[in-house]
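In what follows, a structure is listed as C-alpha cells, so that the remarks can point back to it.
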Amino acid sequence: MKNLLFYLLAGMFMFQSCSAVEAVFKAGMWWAFFLVGIALLGVFLLLRRK
C-alpha cells in the first residue's frame, strides 16, 4: 500500500513538472518566432536598401 501511494504522489509531481516545462517551451517558441521575424525584416530592409 505504501508503494502505491508513493507512485501516485511521484506521478502527480512529474505531471506538474511536465506542464511547467511545456509552458516554458511554448513561451520559447513564440519568442523564437518573434526573433526570426525581426531578423527577416532586417535582412529584407538591408537588401531593399541597395
Side-chain angles (χ1 to χ4, degrees):
M1 186 69 181
K2 286 185 180 180
N3 286 341
L4 178 63
L5 184 60
F6 172 74
Y7 287 126
L8 286 175
L9 287 174
M12 286 173 43
F13 286 120
M14 287 190 331
F15 286 132
Q16 286 177 353
S17 65
C18 286
S19 64
V21 170
E22 179 185 0
V24 168
F25 277 114
K26 279 185 181 180
M29 179 185 67
W30 288 112
W31 183 244
F33 285 154
F34 175 73
L35 290 178
V36 168
I38 295 294
L40 289 176
L41 181 64
V43 168
F44 176 75
L45 290 174
L46 282 175
L47 291 176
R48 188 175 169 155
R49 197 174 200 192
K50 291 185 177 184

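Reckoned from all heavy atoms, side chains included, excluding hydrogens, waters and symmetry mates.
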Side-chain hydrophobic cluster, 4.5 Å single linkage: members besides Phe34: Trp31, Leu35, Ile38
Side chain to side chain contact (heavy atoms under 4.5 Å, CB included) partners for Phe44, two or more places apart: Arg48
All side chain to side chain contact (heavy atoms under 4.5 Å, CB included) counterparts of Trp30, not counting sequence neighbours: Phe33
